[in-house]
Structures are given as C-alpha cells and as structure tokens.
Amino acid sequence: QVQLVESGGGLVQAGGSLRLSCAASGLTFSAYTMGWFRRAPGKEREFVAYITTRSGTDYADFVKGRFTISRDNAENTVYLQMNSLKPEDTAVYSCAADGGWASRSPFRYDYWGQGTQVTVSS
C-alpha cells in the first residue's frame, strides 16, 4: 500500500520560511518523479514544483527563486524548502508521485498525500 505523508506545515509570518517533507512508503521511491501541488481556498489545485528521478527540477513561475525542491532517495523523502513566503502562498500543500514522464499536470500523478496546511500571515 502506497503512502505519502506530508509534514512541516504551519503558520508563519510573511517573509518567513518553512520546510515541508513528504515521506513515501510502499513504492520504489527512486523510480518516481515527485511533485508538490497546492490548493488555496476557492481555487483549483496548482503545480508548485517537481523533481525527476535524476533530480531534474521544474518550478511554477510564482515560486522560482523562493522555493527549492529536493529528494533523499535513501530516506524515501522529498522536501520543499519555502523561503520569502507571501500571504498568497497560503494553501494546502500536497506531494504526489508520478511513475511516468515528469509533468506539471496533476492528472499524471499516481499517488497523493493528504496535504499539510501552510498559512502565511501579513
């Protein structure tokens, strides 16, 4: 049974930082592209970043230069370091695993975590 469990969310002031973690089990972690997505209240889920099996990365324009995605295959964990947070970054952040070609589309991802809430106050 595949499980993705996010942690590290919370309340932070604008300009602050958080580091999200996503621990995976039940799959060959190194064989999956791992992505982070977010959903703000009243909005659709949107792509944040992904990291491929070879540690290639892609970021949404609105997080470039502020967020960094990384992975530790020995720990079956993917991270999202979020710096210079803004109130508009407030959302539930979810990690996902994609067994195919890396993609920004959430429909390409096979497994999802439950998400962790990030709230940025102004």
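The figures that follow rest on heavy atoms only: side chains count, while hydrogens, waters and symmetry mates do not. By convention here, the first residue in the shown sequence is residue 1. Just so you know, these numbers come straight off a predicted model, no measurement behind them.
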Grab the two heavy atoms, one from Gly8 and one from Leu18, that are nearest each other, plus how far apart they are. O-CD2, 3.8 Å
Before you tell me yes or no, could you show the steps for Thr119 and Val12 under side-chain contact (heavy atoms from CB on, under 4.5 Å), namely the whole-Å CA-CA distance, both residues' side-chain angles and the distance that decides it to 0.1 Å? CA-CA 6 Å; Thr119 303; Val12 64; over 6 Å; no
Do Tyr79 and Arg19 have side chains that approach each other closer than 4.5 Å (heavy atoms only, starting at C-beta)? yes
If every non-hydrogen atom of Ser21 is compared with every non-hydrogen atom of Thr77, which pair is closest and at what distance? CB-CG2, 4.3 Å
Take Arg108 and Trp101 through the side-chain contact (heavy atoms from CB on, under 4.5 Å) test and state the conclusion after the steps. CA-CA 8 Å; Arg108 295 293 303 273; Trp101 295 104; 3.8 Å; yes
Can you tell me how far apart OG1 (Thr53) and CG (Asn73) are? Round to the nearest 0.5 Å. 8.5 Å
Side chain to side chain, Val118 and Thr90, heavy atoms closer than 4.5 Å: no
Give a yes or no on whether Leu20 and Leu85 share a hydrophobic cluster (residues Ile, Leu, Val, Met, Phe, Trp, Tyr; joining criterion: side-chain heavy atoms under 4.5 Å apart). yes
How far does CD1 of Ile51 sit from CG of Asp58, to the nearest 0.5 angstrom? 11.5 Å
Which word best sums up how the rings of Phe47 and Phe37 line up, parallel for under 30°, tilted for 30 to 60°, or perpendicular for over 60°? perpendicular
Atom CD of residue position Gln114 - does it have more than 12 heavy atoms of other residues, nucleotides or ligands inside 6.0 Å? no
Is it the case that one hydrophobic cluster holds both Tyr50 and Tyr32, taking links as side-chain heavy atoms less than 4.5 Å apart, direct or via other members? no
OG of Ser105 to CZ of Arg45, rounded to nearest 0.5 Å, is 10.5 Å
Which heavy atom of Gly35 sits nearest a heavy atom of Tyr109, and at what distance? N-CE2, 3.8 Å
To the nearest 0.5 Å, tell me how far Cys22 SG sits from Phe29 CZ. 7.0 Å
Transitively linked via ILVMFWY side-chain contacts under 4.5 Å: Ile69 with Val63? yes
Taking all heavy atoms of Ser122 and all of Pro87, pick out the closest pair and write down the distance. CB-CG, 3.9 Å
Taking Leu80 as the starting point, is it possible to reach Phe62 by hopping between hydrophobic residues whose side chains are less than 4.5 Å apart? yes
Between Ser30 and Arg71, the two heavy atoms sitting closest are CA-NH2, 3.9 Å
Is there a salt bridge (charged side-chain N to carboxylate O under 4.0 Å, His left out) between Lys86 and Asp89 once you walk through the steps? CA-CA 5 Å; Lys86 306 174 181 180; Asp89 293 320; over 6 Å; no
Can you confirm if the NZ or CZ of Arg66 lies within 45° of the ring axis of Tyr59 and under 6.0 Å from the centre of its six-membered ring? no
Please find the pair of heavy atoms, one from Gln117 and one from Ala91, that lie closest to each other, and give the distance. NE2-O, 3.4 Å
Is it true that a side-chain atom of Glu6 and a backbone atom of Gly115 form a donor plus acceptor pair closer than 3.5 Å? yes
Do you reckon Tyr111 sits in the same ILVMFWY cluster as Trp36, going by side-chain contacts under 4.5 Å, direct or chained? yes
When rounded to the nearest 0.5 angstrom, what distance separates OG in Ser94 from CZ in Arg39? 8.0 Å
